[in-house]
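Following: one structure in structure tokens, then a few remarks.
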Amino acid sequence: MVEMAGIMFQDITTLLLDPKAFKDTVDLFVERYKGKNISVVAGIEARGFIFGTPIALEIGAKFVPLRKPNKLPGKVISEEYELEYGRDCLEMHLGAVEPGERALVVDDLIATGGTLCAAMKLLERAGAEVVECACVIELPDLKGRERLNGKPLYVLLESY
Ligand SMILES: O=P(O)(O)OC[C@H]1O[C@H](OP(=O)(O)OP(=O)(O)O)[C@H](O)[C@@H]1O
Ligand SMILES: Nc1ncnc2[nH]cnc12
């Protein structure tokens with residue numbers, strides 16, 4: 001954890017420097033989701049890509065990037081969401097997900113929950129069933145879990 005502009009920033013890049021710790025982290029998710037009939041792993045830009053892609057490969061699911069605005073070249077659907085300061089937006093390629101698909105949403109961290117909430121809305125608008133959201137770290141004091149409308153959230157560690 002490092003302090004950045006008054007915020008205690010949870011920096012997962014140190015985890016990535018340790019190949020065994022990184023692999024063990026991915027394996028914990030793979031063990032949980034393998035054989036659960038998940039066809040889509042949706043990873044949230046940017047840090048959700050780091051964990052989402054190896055999980056998708058290992059469980060045999062496709063990987064769908066949920067990106068910040070104006071990054072995806074094709075037609076997209078968009079969802080705006082509130083940040084602690086201001087607003088942001090996530091986009092997903094139209095047609096990347098088919099109605100009825102079972103999706104897992106992956107990110108590195110849940111803080112206020114706005115990002116995961118927008119991600120779930122995109123997948124549900126495309127007709128997918130969001131099975132669960134998965135993050136490495138939860139900041140429980142920010143009560144992000146309460147914004148997920150009862151959708152299960154699996155995290156590896158809580159940071160207070
Ligand atoms: O639960 P929330 O309050 O919505 O915050 C969590 C989001 O914040 C961070 O991403 P950030 O928006 O900083 O973007 P980045 O990964 O591109 O740096 C983090 O990786 C999550 O995606
Ligand atoms: N404290 C924090 N550390 C890392 N990423 C974040 N995203 C939102 N809050 C964060």
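Just follow the structure's listing: the first ligand is 1, and inside any ligand the first atom is 1. Computation of the quantities below employed the complete heavy-atom set of this structure, encompassing side-chain atoms and omitting hydrogens, waters and symmetry-equivalent molecules.
A donor and an acceptor atom, one from each side chain of Tyr33 and Glu132, are located under 3.5 Å apart. For the residue pair Glu158 and Tyr160, a side-chain donor N or O sits within less than 3.5 Å of a side-chain acceptor on the partner.
For atom 6 (C) of ligand 1, the nearest non-hydrogen atom from the set Leu142, Leu109, Leu83, Thr112 belongs to Leu109.
Looking at Glu45 against ligand 1, only its backbone comes within 4.0 Å, counting heavy atoms.
At a 3.5 angstrom cut-off on N or O pairs, Ile110 does not count as close to ligand 1. Close N/O approach between Leu116 and ligand 1 is not found [any backbone or side-chain N/O within under 3.5 Å].
Distance check: Leu66 CG to Asp107 CG gives 9.0 Å after rounding to the nearest 0.5 Å.
Residue Gly113 places a heavy atom less than 4.0 Å from ligand 1.
Enclosure of atom NZ in Lys23 is not indicated, since only 12 or fewer non-hydrogen atoms of other residues, nucleotides or ligands lie within 6.0 angstrom.
Remark: ligand 1 atoms within the under-4.0 Å shell around heavy atoms of Asp107 are 20 (O), 21 (C), 22 (O). Heavy-atom proximity to Ala46, at under 4.0 Å, picks out these atoms of ligand 1: 15 (P), 16 (O), 17 (O).
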N/O pairs closer than 3.5 Å, ligand 2 and protein:
residue	atom	partner	partner atom	Å
ligand 2	1 (N)	Met8	O	3.0
ligand 2	3 (N)	Gln10	N	2.9
ligand 2	5 (N)	Arg47	NH1	3.2

